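Each remark here refers to the structure printed beneath this line.
Predicted model, so just to flag it, every value in this text is computed and none were measured. The chains referred to below are lettered A, B, ... by the order of the sequence lines, with proteins before strands, and numbering in each begins at 1.
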2 protein chains.
Amino acid sequence: MANELDRLDLKILDRLQVDASESSSEIAERVGLSQSPCWRRMQRLKAKGYIKAQVAVLDREKLGESMYIFAQLQMGRLTDEERDRFTQAIEDIPEITEAYTLFGEMDVMLKVLAPSMGWYQAFTFRTLLRLPGVQDVRSTATLSEIKCTHRLPLPSL
Amino acid sequence: MANELDRLDLKILDRLQVDASESSSEIAERVGLSQSPCWRRMQRLKAKGYIKAQVAVLDREKLGESMYIFAQLQMGRLTDEERDRFTQAIEDIPEITEAYTLFGEMDVMLKVLAPSMGWYQAFTFRTLLRLPGVQDVRSTATLSEIKCTHRLPLPSL
DNA sequence: TATGAAAAGATAATCCC
DNA sequence: GGGATTATCTTTTCATA
């Protein structure tokens with residue numbers, strides 16, 4: 001991380017992870033600083049890239065029936081060009097919300113937000129299995145959500 | 001979803017998913033509205049719960065070495081009380097960023113942000129396997145991140 | 001009922017210490 | 001880093017269609 005962050009910076013980052021709609025004075029008070037230095041730190045944290053974005057978290061259930069499905073892909077050997085097309089395809093499909101390469105026998109883990117089982121069935125055959133290099137898809141549907149956050153645990157708080 | 005949302009509301013929600021730091025005038029311009037009706041819609045979307053929170057997205061890599069690991073848990077039968085303790089424990093462990101109950105033979109999928117393999121080894125034996133009802137843990141480590149977002153695909157945009 | 005315009009209030013951003 | 005000032009944006013009110 002390059003320790004250019006002190007405890008106050010970490011406190012600020014963690015507050016922003018929880019609620020980024022607070023004013024700089026409110027955050028300042030929470031972390032024990034006055035408004036202007038706190039604001040300066042926030043600007044610095046954005047400029048240095050520690051804060052990548054500020055986004056609204058929507059209520060998935062209120063926006064319609066949908067379920068997360070984990071899909072593990074087994075991949076064949078890919079040329080650089082195919083790998084780029086694969087990556088780009090994943091970027092371009094909004095229902096794929098996360099994608100990771102894996103250790104072990106399956107090669108890629110996807111998290112897919114599926115509007116329905118029928119949709120996912122078609123998605124598997126018409127989309128996933130046609131992506132460059134995809135040889136096999138193993139899917140695990142989720143039943144319910146226990147926890148879902150993007151808050152990163154910050155060291156030494 | 002109860003169609004109390006029109007296309008403008010969905011456009012606003014999607015903008016906020018991408019960048020919630022924009023002013024209401026900027027968002028108004030993007031969706032083709034003037035500032036005050038746009039602002040009122042945003043308020044309504046918050047009040048009705050479509051917008052759950054507004055958070056900063058941090059750069060995980062800049063904040064130190066870490067890797068996501070997917071852990072699939074096989075669970076035994078749980079009493080209601082044990083289930084509550086299990087759920088609470090998951091809530092309380094910040095390194096567990098997501099948790100879902102599953103269809104199929106494994107019962108729970110966790111996404112864990114591990115600072116290191118050594119940490120995860122200890123976490124498996126000292127924490128996961130001691131949670132109420134946990135009988136077996138199968139872990140899949142990720143090698144690299146291809147995509148990671150919380151942006152929900154919104155219908156009819 | 002929804003919109004637009006405009007005033008009042010709060011916040012962000014800058015300056016100086 | 002803190003305090004005070006200015007610029008900007010948010011939020012409320014009011015008039016209009």
*asked:* Checking E145(A) now: which residues fulfil salt bridge (charged side-chain N to carboxylate O under 4.0 Å, His left out) with it, not counting sequence neighbours?
replied: R60(A)
_CD/E29(B): more than 12 non-hydrogen atoms of other groups inside 6.0 Å_ = no
*Test side-chain contact (heavy atoms from CB on, under 4.5 Å) applied to D59(B) - qualifying residues, sequence neighbours left out*: K52(A), E61(B), K62(B)
*Tell me the stems DNA chain D sits in, counting at least three consecutive Watson-Crick or G-U wobble pairs, each under 3.5 Å on both distances.*
C:1-7 with D:11-17, C:9-17 with D:1-9
*V18(B): which other cluster members, linking ILVMFWY side chains closer than 4.5 Å, directly or transitively?*
none
*Pairing residues for P115(B) by the side-chain contact (heavy atoms from CB on, under 4.5 Å) criterion, not counting sequence neighbours*: W119(B)
Distances for protein N/O vs nucleotides 13-17 of chain C N/O pairs under 3.5 angstrom?
| unit_1 | atom_1 | unit_2 | atom_2 | d |
| --- | --- | --- | --- | --- |
| dA13(C) | OP2 | W39(A) | NE1 | 2.6 |
| dA13(C) | N7 | Q35(A) | NE2 | 3.4 |
| dA13(C) | N6 | Q35(A) | OE1 | 3.1 |

Pairs under 3.5 angstrom, nitrogen or oxygen only, protein versus nucleotides 15-17 of chain D, please.
none

*asked:* Among residues at least two apart in sequence or on other chains, which ones pass side-chain hydrogen bond (donor to acceptor under 3.5 Å, both in side chains) with S24(B)?
replied: Q35(B)
*Indicate, with a heavy-atom threshold strictly under 4.0 Å, whether L33(B) touches base, sugar-phosphate, or nothing.*
nothing
*Is it true that atom CG of D80(A) has more than 12 heavy atoms of other residues, nucleotides or ligands lying nearer than 6.0 Å?*
no
*Contact under 4.0 Å: R41(B) side-chain N or O vs dT3(C) OP1/OP2*: yes
*Considering non-hydrogen atoms only, spot the tightest contact between M75(A) and V108(A) and give its length.*
CG-CG2, 3.9 Å
*Return yes when atom CD of Q74(A) has more than 12 non-hydrogen atoms of other residues, nucleotides or ligands closer than 6.0 Å, and no otherwise.*
yes
Show every donor-acceptor pair shorter than 3.5 Å between a side-chain atom in residues 120-137 of chain B and any protein atom, with sequence neighbours excluded, or say none if there are none.
| unit_1 | atom_1 | unit_2 | atom_2 | d |
| --- | --- | --- | --- | --- |
| Y120(B) | OH | S139(B) | OG | 2.7 |
| T124(B) | OG1 | Y120(B) | O | 2.8 |

*Please check if any side-chain donor atom of Q88(A) sits under 3.5 Å from a side-chain acceptor atom of D92(A), or the reverse.*
yes
*Expressed in angstrom and rounded to an integer, what is the separation of M42(A) atom CE from dT11(C) atom C1'?*
11 Å
*With sequence neighbours excluded, what pairs up with R41(B) under the side-chain hydrogen bond (donor to acceptor under 3.5 Å, both in side chains) test?*
D6(B), D9(B)
*Tell me, which of residues 16-28 of chain B have any heavy atom that sits under 4.0 Å from an atom in DNA chain C?*
none
_Set of ring pair (Phe, Tyr, Trp, His ring centres under 6.0 Å) partners for F86(B), sequence neighbours left out_ = none
